[in-house]
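See below for the structure under consideration.
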Amino acid sequence: MSEPGTYRSVPGRIDLPVMEREILDFWRDRRVFERSLEATADGEPWIFYEGPPTANGTPGAHHVEARVFKDVFPRYRTMKGRHVPRRAGWDCHGLPVEIAVEKELGFAGKQDIEAYGVAEFNARCRESVLRHVDEFTVMTERMGYWVDFDDAYWTMNTDYIQSVWWSLKQIFDAGLLVEDHRVSPYCPRCGTGLSDHELAQGYETVVDPSVFVRFPVTSGDLVERHPGVALIVWTTTPWTLVSNTAVAVKPEAEYVIARTANGEVLVVARDLMSSLLGDDAVVLESLTGRDLERVSYQPPFNLVEIPDAHYVVLAEYVTTDDGSGLVHQAPAFGADDLAVCRAYGLPVVNPVRSDGHFEESVPLVGGMFFKKADETLVADLTERGLLFRHVPYEHSYPHCWRCHTALIYYAQPSWYIRTTAVKEQLLRENGATNWFPPTIQWGRYGDWLTNNVDWAVSRNRYWGTPLPIWRCTEGHLVAVASLTELGALAGVELSNLDPHRPFVDDITFDCATCGAVATRVPEVIDCWYDSGAMPFAQLGYPHRNVAEFEQSYPADFICEAIDQTRGWFYTLMAIGTLVFDRSSYRNVVCLGHILDEQGRKMSKHVGNVLEPVPLMDEHGADAVRWFMLAGGSPWQARRVGHHSIADVVRKTLLTYWSTVSFQSLYARAANFEPSITVVPPPAERPVLDRWALSEAHRVAAEVDAALESFDTQRAGRAISSYIDDLSNWYVRRSRRRFWDGDPAALGTLHECLRIVTLVIAPFTPFIAERVWGDLFASTSPDEPESVHLSRWPAVDLGLIDPDLVAQVELTRRIVELGRGARAEGKVRTRQPLSRALVSASGWDTIDPELAAQVAEELNVLALDSLSGQVADELVDVVAKANFRALGQRYAKDTPRVAAVIAAADALSLARSLRETGTVSVTVDGLGDVSLTSDDVIITETPREGWSVASDAGASVALDLHLTDELRRMGTAREIVRMVQEARKSAGFEVSDRIELWWWSEDADITAAMAEHSAWIAGEVLATTVVANRPDVEAFESGDADLGVGIAVRRTTD
RNA sequence: GGGCCUAUAGCUCAGCUCGGUUAGAGCGCUUCCCUGAUAAGGAAGAGGUCGAUGGUUCAAGUCCAUCUAGGCCCA
């Protein structure tokens, strides 16, 4: 423990993961998260909704990404005084869980589940959810995501389900929850239809057979005119040819009857003739699609009975871009097909069972899985000479998002929420939503809403919220909003009933309309509905917590990755709009995906998944967090790997840490006590202190603004560049003052670090907490014990001084140039030079303290201004046009003005500008043109005997002439350096006093020592300097090239 | 086929909103310098037809159009 008033000792090196474990303990022991909520209890609420992760499988790096963003904004808002309740949630239901359990039990499909028993199966599902939740909890706590697990919502809980039921009843009563028979994507393995947003998750690129089949024409005058004529019909699903019912053509499109080189007569769209029939096909007749209507043909198979069918129908959706322009129709397996065939009164024949296999009674393919039948059927067509062409066709085809089985489009009864009926409201709500990044709003998401289709919400499964609709034998329907309501209908006490299947299925009652027995419809609902209902269901609304719900709707902030546009972002908005006529969120942050170091999507199949906990245990959670927040744009897909994470640790976190360690080291040495030691007011501190403070306040304001607009990258850039400035300019330039324990310097760095620590706290809560404890909480009784209980720093605009910022920028630029000039002149920096000449705009009015810094950095004894003070004949002057300034005034004529400037006598131009501020030049066609110093960039460079560096109008020239005196000063500095090395090697503390010995045969060394030994002693903290080899034990060192030996020993007192 | 995003150094990315004549940073590489916090820092160098083409403009990495490639989403 440290004594009150002083900093704790901060080691130079830090093991981030170890430190983080300590902080986690601290947070737990001191209930910091809970207290941060208590402390803001009176603050204006800032509502956050946690998108519940599916409690299935193990968490991956993408979960960390979303959770970092879900954490940083609530922390930030809390520091701004807002009250941000954060309730965790778990998505418990759904196919993913069922599939995982099926796998564990070795099941092959629904029959196995039925045989096993639904009650037992669902019990296993519940158990699986509880098991996987733990892994998420561990990861979540490790990364420092503050969210309340104790009060978490579970979509499988009875109260939650009753809320969902209530909302479904609202929708049902509004006439927007209806049963319909439609063609929809269906997973034959899982035995259930899929909603469109589930469909969106599972497109995979596959190669299917694309076949062109001859359908010989059997009727009409077409056959009389062209005996043997056949339609060329295209499909990529040969297995549906078994149920071929019709052929569709586009009514307005042009079709041809053509004879091929080998004498066949075929019908195809004109646009596709040459690609299908070759260039030597001869057109016999040209006609429109409409002319082909009702032409009958011989179906490709006669395996199933399809009465009154097999003729050409018209359909607008047919295109002539692809295939043959004649499209095979199987109404049971395509939404378009069904609509078209219904219009002609054609029958819907479906020989495929719900498990995806053909009926046993079908010849040739009976019992076969639908996809597997392709090969057999194509072979049969070939044998019978009907196959015209067969090419592999690569396209993306929907697959089941969980089990990867190819989906089948299949006509079956299903419950729909008629979201298309509220499309206008959805578009209105979307318009009122702030999207980050904004392109999603009317791009990807708006597009999806515009093309909205009804939500197929029922599932023929087991582990899900049961659809709360009862139907009597006469077909009357009633929706139920709670167990109480159900109990009243059934005349039994049901408040303790598990609302899941199979228990709820046993509840029946008499129909209120007709008295017949009503039983529940068999379906459960899409688990996406569960998660979309969380704004009210997490509170059990309206059965409970009515007031709390009303205060927490809608959310101020939600955040997930971009794949949720059609998932949670949609269901949340859709349910909110359906039930409350208002979307459930105002601001939504939509993250790009995390990719591996090669830019590939992370997946278990590829084996490139980054395990979150080991990743954080290696680099630290702060490192992972900082990378996610500040390393690249959050909106964009980003590559993440060990390398890039290690990089931000070194670049930002360790630099911050070492600055803190530095401050602690010297402040403790000087007995600096932040709340006691008297520090001069900012206005009376040295210019660099004022600069550091000015920048700190500017950065705090910048980070604040960036976080307001959810831009963590911009905020992160501001913070890390300030940390770099602080460490590599402010501290480096002010080191001497820290050695001397200057209260102004220590006080300044204290204040600057306080601001950095506060603004970085939401990003990297661990290291900020540690620094807070070591430097701030321990030194001031007024500061809270946790940085996360502190308020966002107050920005003092009065301390922000743009002119100072510009001056320091100029100083640093001059120093850079000077170093360049030294390198050019091949003179090492330790060798002092007599003077440097500087020329730059603004240099003449620079603060003398800053000029002194330049002299020190460049190790020159004197610094002069190049312009004005030195005779013009010593310098070369170059004048260049400033296009930005001139362009605005002269537009087209700019190049001519520029040319005149370049050609003019630069020396007199410069002199005139310097003396009068303007200069007049003559430009062809413009006459006399008056220029100011803004219009011209003057670069002055000295001539002989100097080493010069110039850039954008600034120059630094070094006088390379060395006197003996300068050489001796250089030698003294060499010796200081040598002694410092020796001190370090000997393991002395920086504040240790030493005895110093030296010996040399070299006359120059001896002379330098004679002249500078007092100065050297001061630099290296030597109490005595002896011109001899030591006769006691001491640490010896030396430099053969220089011809000197030294020895050091710690003073004993 | 449609929508959105992306394309800048060997690698990872800024810069583009609001056009300005030498396009930046970090990592890596070469040489050198500096160091009483920082396995740090600095200077110089090698490395760019700013995806391609066309257009607007006195001036285009930046604005417009078209195209190409990749990614995501949808058909």
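Per chain, numbering begins at 1; letters A, B, ... match sequence-line order.
For the pair A/W657/A/V10, a side-chain contact is recorded, criterion being any heavy-atom separation below 4.5 Å from C-beta on.
Contact record, A/W626 with A/G716: CZ2-O, 3.5 Å, taken as the closest heavy-atom pair. Taking all atoms of both residues into account, the shortest heavy-atom contact from A/Q564 to A/W528 is OE1-CZ3, 3.2 Å.
By the salt bridge (Lys or Arg N to Asp or Glu O under 4.0 Å) test, A/R732 pairs with A/E857, sequence neighbours left out.
Between A/R884 and the phosphate of B/U21, there is no side-chain N or O to OP1/OP2 separation shorter than 4.0 Å. A close approach under 4.0 Å does not occur between any side-chain nitrogen or oxygen of A/R732 and OP1 or OP2 of B/G42. Close to B/A59, at under 4.0 Å from its OP1 or OP2, lies no side-chain N or O of A/K892. Under 4.0 angstrom from either OP1 or OP2 of B/A37 there lies at least one side-chain N or O belonging to A/Y666. For B/C4, the OP1/OP2 oxygens have no side-chain nitrogen or oxygen of A/R566 closer than 4.0 Å.
When only modelled atom types and interatomic distance are considered, A/N859 and A/T829 share no side-chain donor-acceptor pair under 3.5 Å.
Near RNA chain B, defined here as any heavy-atom distance below 4.0 Å, the residues from residues 717-728 of chain A are A/R717, A/S727, A/N728, listed numerically.
A/T894 places a side-chain N or O within 3.5 Å of a backbone atom of A/A891 that can act as its donor or acceptor partner.
Taking the P atoms as reference points, B/A39 lies 37 Å from B/U49, given to the whole Å.
Residue A/R735 places its side chain closer to B/U38 than to any other of B/G20, B/G36, B/U38.
Taking a pair as Watson-Crick or G-U wobble with both distances under 3.5 Å, the runs of three or more consecutive pairs in RNA chain B are B:1-7 with B:68-74, B:10-13 with B:24-27, B:29-33 with B:41-45, B:51-55 with B:63-67.
If you check every strand for non-hydrogen atoms under 4.0 Å, A/I440 touches nothing.
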